[in-house]
**Q** 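Please see the structure below; I have some questions.
The sequence lines fix the lettering, A, B, ..., with proteins before strands; numbering per chain opens at 1.
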Number of protein chains: 6
Amino acid sequence: MTDLLRPSGRAANSMRTVCFTRQFTKHAEGSVLVEFGDTKVICTASIEDKVPGFLKGKGQGWLTAEYGMLPRSTHTRMDREAAKGKQSGRTQEIQRLIGRSLRAAFDLEKFGERTLHLDCDVIQADGGTRTAAISGAMVAAYDAFAKLQAQGVISAIPVKHFVAAISVGVFKGVPVLDLDYPEDSACDTDMNVVMDENNHFIEVQGTAEGAAFNRQVLNQLLDLAQIGIQDIITKQKQILSI
Amino acid sequence: MTDLLRPSGRAANSMRTVCFTRQFTKHAEGSVLVEFGDTKVICTASIEDKVPGFLKGKGQGWLTAEYGMLPRSTHTRMDREAAKGKQSGRTQEIQRLIGRSLRAAFDLEKFGERTLHLDCDVIQADGGTRTAAISGAMVAAYDAFAKLQAQGVISAIPVKHFVAAISVGVFKGVPVLDLDYPEDSACDTDMNVVMDENNHFIEVQGTAEGAAFNRQVLNQLLDLAQIGIQDIITKQKQILSI
Amino acid sequence: MTDLLRPSGRAANSMRTVCFTRQFTKHAEGSVLVEFGDTKVICTASIEDKVPGFLKGKGQGWLTAEYGMLPRSTHTRMDREAAKGKQSGRTQEIQRLIGRSLRAAFDLEKFGERTLHLDCDVIQADGGTRTAAISGAMVAAYDAFAKLQAQGVISAIPVKHFVAAISVGVFKGVPVLDLDYPEDSACDTDMNVVMDENNHFIEVQGTAEGAAFNRQVLNQLLDLAQIGIQDIITKQKQILSI
Amino acid sequence: MTDLLRPSGRAANSMRTVCFTRQFTKHAEGSVLVEFGDTKVICTASIEDKVPGFLKGKGQGWLTAEYGMLPRSTHTRMDREAAKGKQSGRTQEIQRLIGRSLRAAFDLEKFGERTLHLDCDVIQADGGTRTAAISGAMVAAYDAFAKLQAQGVISAIPVKHFVAAISVGVFKGVPVLDLDYPEDSACDTDMNVVMDENNHFIEVQGTAEGAAFNRQVLNQLLDLAQIGIQDIITKQKQILSI
Amino acid sequence: MTDLLRPSGRAANSMRTVCFTRQFTKHAEGSVLVEFGDTKVICTASIEDKVPGFLKGKGQGWLTAEYGMLPRSTHTRMDREAAKGKQSGRTQEIQRLIGRSLRAAFDLEKFGERTLHLDCDVIQADGGTRTAAISGAMVAAYDAFAKLQAQGVISAIPVKHFVAAISVGVFKGVPVLDLDYPEDSACDTDMNVVMDENNHFIEVQGTAEGAAFNRQVLNQLLDLAQIGIQDIITKQKQILSI
Amino acid sequence: MTDLLRPSGRAANSMRTVCFTRQFTKHAEGSVLVEFGDTKVICTASIEDKVPGFLKGKGQGWLTAEYGMLPRSTHTRMDREAAKGKQSGRTQEIQRLIGRSLRAAFDLEKFGERTLHLDCDVIQADGGTRTAAISGAMVAAYDAFAKLQAQGVISAIPVKHFVAAISVGVFKGVPVLDLDYPEDSACDTDMNVVMDENNHFIEVQGTAEGAAFNRQVLNQLLDLAQIGIQDIITKQKQILSI
């Protein structure tokens with residue numbers, strides 16, 4: 001029986017189908033198409049043999065992320081940021097979030113003097129693009145290091161723990177998991193959560209778009225997020241065969 | 001007895017002195033100097049008799065916020081954003097947060113077709129500038145509407161509920177309230193919380209800078225934040241004599 | 001028998017496999033993934049119900065194009081143009097070429113006061129991205145107008161004639177058709193040709209990268225281009241079932 | 001008896017109260033709040049242990065200045081330059097003037113390879129912000145070098161002579177000293193003068209906003225400026241106890 | 001007998017040859033090549049039938065100026081401002097000066113709702129480009145209005161009084177008229193003066209590049225400037241046959 | 001007898017008067033005013049004793065070109081690119097074309113580690129500015145190297161072969177040589193051709209502005225271009241006395 005609440009008919013604690021396609025493009029060291037239902041993001045991981053100036057000579061690496069949306073990944077066409085000459089505040093906020101989340105997943109001291117560039121480009125948007133991007137970038141980054149390891153450049157993949165992200169929110173008064181676009185654009189509260197495989201939090205970003213929310217609701221949302229994130233991490237490991 | 005843990009000697013649940021100075025500059029409809037210890041932010045509220053294009057003719061108002069730091073508000077001089085020709089991602093993230101937080105405090109439908117511009121400029125930074133800015137902007141915005149009311153332009157101040165913000169974090173393994181700069185730059189987890197006077201959340205933004213944190217720590221941090229925020233709201237009302 | 005000349009083993013007059021996938025993403029009125037071998041470009045066509053200022057009230061439409069490359073669509077990662085804050089000269093040159101080529105394919109006077117935005121985003125590059133983009137944008141644009149026609153908004157698809165594009169060049173002294181990246185980066189002459197279904201030229205852009213070329217070579221290159229373009233136009237019509 | 005001419009009631013040759021507050025903020029090597037009546041400017045002096053490229057290895061220092069206005073330092077809110085992405089021509093003109101004026105006050109060859117950054121940020125404007133900025137920056141710069149001297153880094157403060165600045169102008173046909181905003185916005189001629197303690201000129205910038213002015217008026221304006229500047233220099237030395 | 005002081009052999013009160021060539025280019029309403037010795041500036045005056053927003057419907061006109069230097073107008077090549085993406089502070093300062101100076105020459109209320117654009121482009125620089133630009137723009141602007149008058153669009157040329165500009169300075173301790181580049185780059189004091197035909201000042205901008213200067217020197221410089229400017233105005237009128 | 005077809009009365013295969021004035025300005029190593037009828041472009045060649053980063057230490061040189069138009073070089077005033085803060089796509093396309101064309105004329109390996117900067121600034125436009133620029137830059141570049149040779153810095157001028165450029169097009173259905181502005185703005189096809197003195201092509205850029213064109217027309221246009229270009233190269237050599 002479908003849930004009458006959600007436009008998609010999903011149950012409150014039900015996620016969209018999550019799918020990772022590895023080696024989606026051929027040049028990047030890691031390249032993953034991540035799909036959360038109709039949300040599709042290409043995540044590539046590129047390894048560069050140098051570090052930013054503030055890290056030179058320190059024997060450690062760096063990890064940085066960028067995010068973009070194709071102009072017609074959305075319902076109505078958005079202006080192209082390259083043509084406007086600047087990235088929006090939203091774009092910058094998201095790419096800073098992706099960077100922080102993935103830096104928590106890897107041990108930068110074991111990179112050598114290398115930079116891992118993560119590029120997350122949304123080709124189709126239906127809500128949850130930033131959480132899909134984080135979850136997909138995890139797989140792309142892992143793949144890139146696996147390639148370095150296979151080439152004998154590094155002895156081990158410098159992963160500390162897997163991370164994934166999901167959005168949760170209050171839709172029509174009910175806490176629900178994995179908001180799609182119709183829910184996201186109408187919800188009262190929207191929360192993006194990033195956790196690792198040990199149920200520890202990397203990021204919690206909750207915003208009351210409409211009504212402010214109380215502690216009990218916050219707890220329900222975090223419970224839902226934990227379920228969803230552990231499910232995604234399971235899928236990440238399956239696709240990587242680990 | 002002072003706490004041996006914190007550089008300032010404060011107890012884990014102790015805030016710095018919070019102080020609001022109204023009418024700090026003379027031109028703005030609302031102008032407040034807010035101090036959280038050595039953190040000092042000038043918050044001005046300016047009322048403009050028009051709204052952005054997307055709201056024209058809808059009979060409601062808008063509220064927007066901008067944030068800046070004087071180049072030498074910090075320990076070492078930062079480049080001036082106006083000279084560099086762009087605002088950093090951090091600046092944009094903060095001013096978006098201030099805007100969302102204050103839009104939750106006021107009823108935009110009761111503004112008339114007016115825009116309230118909040119400008120938060122840090123003249124001295126010692127940690128917690130964004131939470132000080134939100135807390136000070138609340139007072140400046142209230143003052144600006146009070147001026148309009150006194151002039152007979154609006155019949156009531158369109159406030160829904162008071163909001164304030166505080167940072168909490170895990171410093172040397174212990175959850176502490178109201179991080180100052182030495183704590184902020186060394187903490188494992190940093191969380192900014194915005195709440196209203198009814199103990200409801202407007203924003204929760206927690207980041208694991210070092211170690212990821214578990215649910216129990218999250219709860220301790222939220223408990224601390226609630227204490228601090230209600231204390232600030234009490235001070236906001238005192239200074240406004242309401 | 002494979003050709004010993006070309007890295008791919010193709011004959012001098014042989015193209016890579018050309019493939020169009022319609023409805024590649026779901027929001028755009030027209031959305032096509034075009035593949036010329038390993039070169040893959042997403043072309044979307046978006047219809048907007050207004051025209052630029054210089055055309056207002058003239059009862060005709062407009063068509064404009066933009067082009068971009070994902071940062072890791074290439075062998076080594078390129079900087080993201082949105083992050084750099086400007087589009088390169090190459091990008092602008094290409095998107096101007098796409099726009100001119102497609103404006104030659106459609107009758108703008110029969111659009112009504114609408115703008116067709118063509119976005120061509122390269123997700124994997126292996127030479128010939130601009131000619132693939134033109135060829136794919138033709139299909140996406142046709143699809144977008146077909147949708148308008150199906151909705152009864154316009155009575156006929158305002159196509160004048162189909163257009164397609166291909167690159168030709170002199171590789172190791174021999175004129176070859178449809179340069180891939182290894183050829184493109186080592187060729188003496190590179191020429192991009194845009195033609196319509198009547199074997200008329202829309203654009204001819206030939207550049208001597210190394211040695212200048214004589215009239216005879218130019219003629220050989222144009223002969224090759226004509227073969228390739230008519231082949232692509234046949235495929236465009238097949239995929240559109242016309 | 002007050003003067004009926006000037007909105008403030010001041011005599012034609014009378015200045016507003018000039019006030020310097022040292023150590024206004026805590027991080028900068030020199031930090032001064034300068035007030036010329038209701039005009040208030042924060043001037044900070046920051047010492048950096050390097051010089052611009054064109055001076056490297058020459059054994060001398062450099063001094064540079066930047067200027068800004070808080071958005072609501074003025075009667076109506078100005079757009080924030082950092083948000084607009086560029087500094088106005090007026091801002092650049094003023095900060096170039098401040099830099100030239102202060103470079104005339106100090107002996108750059110005795111800095112060592114250091115740069116002194118002067119930041120002048122107007123928090124409340126009521127006319128004469130650039131002359132207040134120059135006069136305040138003199139004190140902040142002196143303080144910064146005094147700090148270096150106290151630390152034993154330099155043996156003497158590299159001051160050549162004190163400088164200060166004042167505006168003069170023709171208001172309602174009468175030459176007056178130290179224009180405030182109501183005068184500045186209605187005057188015929190506006191002149192900014194920078195002099196040193198020996199009555200020598202560093203800068204003279206006179207502009208006929210309305211009617212052009214003759215040599216006699218120019219002389220009267222310069223006489224007034226000299227009185228005002230020597231008065232400011234006396235106050236600068238008093239506050240510095242020299 | 002030549003003067004041993006000045007590199008050019010000119011006497012202290014001697015100007016370079018000043019030459020105006022009208023109708024230098026064919027499209028502009030007014031187009032003048034002005035030469036002060038080896039300094040050559042193309043000044044065009046363009047009339048546009050609209051005014052900036054702040055003047056709409058007020059029945060008056062506007063005058064604005066822009067300034068540029070060709071990259072190799074100077075001894076060593078300068079970066080092109082269009083390629084750098086911004087005009088330097090110096091450029092903005094100069095074009096603001098040109099605009100103010102010419103607005104003092106014409107009666108904007110008699111323009112009708114028109115904008116006069118003055119473009120001053122230096123094709124060869126040898127000192128004094130801004131004063132040559134002002135002097136040449138006067139002639140170009142006059143010509144543009146004469147054309148409008150000849151077409152019967154306006155009944156009279158809206159000139160209030162002729163203006164011209166010259167630089168003076170202290171070179172090797174001696175006040176001299178009309179600095180060329182070798183003098184300009186080595187002088188102690190540099191002053192640009194703009195006056196009208198009645199010996200009234202429009203602008204006085206004096207800067208002590210090296211040693212500060214006293215009142216007596218200031219007076220000598222102004223005496224020289226007056227001689228030079230009246231000489232230029234005589235030439236302006238000759239070339240215009242008035 | 002004049003041709004009734006062309007506004008200028010020229011025969012279809014007739015060029016405008018082409019004129020080169022060497023040493024047009026005094027600072028640049030090479031400085032040429034090139035005129036194609038009423039089209040006038042200042043071309044300067046500047047030699048800098050360093051190369052871009054990607055060529056450092058490789059013992060070879062570089063050649064780069066920039067292009068600009070004075071705001072009123074055209075019929076109606078264009079916005080100044082330096083003031084707008086960016087170069088248009090057209091400008092970038094043209095300067096890339098000039099650079100490629102001239103790099104084909106010289107042997108960069110014989111420059112030494114030097115960069116030749118070519119600046120082409122249009123002071124009056126009447127069609128064909130880019131082809132005039134290429135033709136004039138050839139002379140300016142030659143002059144610059146001749147100066148280096150005369151100084152004994154290089155032993156021979158590193159020219160490979162002379163290059164020149166011309167536009168051809170289909171005007172009122174007839175192929176014509178050297179389009180002026182009235183023809184350029186009304187033609188069906190516009191083609192810019194760059195060739196060397198051996199009748200080899202460097203660039204062919206043909207665009208169907210109106211009707212697409214067939215192979216026969218293309219051939220007629222190329223025949224015309226060859227005549228024009230060889231005529232220009234003859235004139236280049238005459239002016240250089242070689």
**Q** For the atom pair CD (E:Q87) and NZ (D:K86), what is the distance rounded to the nearest 0.5 Å?
**A** 6.5 Å
**Q** Taking atom NZ of D:K235 as the centre, does the number of heavy atoms from other residues, nucleotides or ligands within less than 6.0 Å exceed 12?
**A** yes
**Q** Could you check E:L218, E:N214, E:V217 and say which one makes a side-chain contact (heavy atoms from CB on, under 4.5 Å) with D:F201?
**A** E:L218
**Q** Around atom NZ of E:K110, are there more than 12 heavy atoms of other residues, nucleotides or ligands at under 6.0 Å?
**A** no
**Q** Are there more than 12 heavy atoms of other residues, nucleotides or ligands under 6.0 Å from atom NZ of E:K50?
**A** no
**Q** Can you measure from CG (E:L97) to OG1 (D:T207) and round to the nearest 0.5 angstrom?
**A** 8.0 Å
**Q** Applying side chain to side chain contact (heavy atoms under 4.5 Å, CB included) to D:Q205 and E:V204, what does each step give before you reach the verdict?
**A** CA-CA 6 Å; D:Q205 295 198 342; E:V204 177; over 6 Å; no
**Q** Is it the backbone or the side chain of E:N219 that comes under 4.5 Å from a heavy atom of chain D, or both, or neither?
**A** both
**Q** For chain E, find which of D:S101, D:A104, D:G206 contributes the most heavy-atom pairs closer than 4.5 angstrom.
**A** D:G206
**Q** Pick from D:E209, D:H161, D:Q92: which one has the most heavy-atom pairs with chain E under 4.5 Å?
**A** D:Q92
**Q** Let me know if E:S88 has heavy atoms under 4.5 Å from chain D in its side chain, its backbone, both or neither.
**A** backbone
**Q** Which bit of E:D188 comes within less than 4.5 Å of chain D, counting heavy atoms only: side chain, backbone, both or neither?
**A** neither
**Q** Checking heavy atoms, do the side chain of E:R215, its backbone, both or neither come under 4.5 Å from chain D?
**A** both
**Q** Testing the basics here: between D:A212 and E:H200, what is the closest heavy-atom pair and its distance to 0.1 Å?
**A** CB-CB, 3.4 Å
**Q** For D:R103, is it the side chain, the backbone, both or neither that has a heavy atom under 4.5 Å from a heavy atom of chain E?
**A** neither
**Q** Can you tell me how far apart CE (E:M195) and CZ (D:F213) are? Round to the nearest 0.5 Å.
**A** 8.5 Å
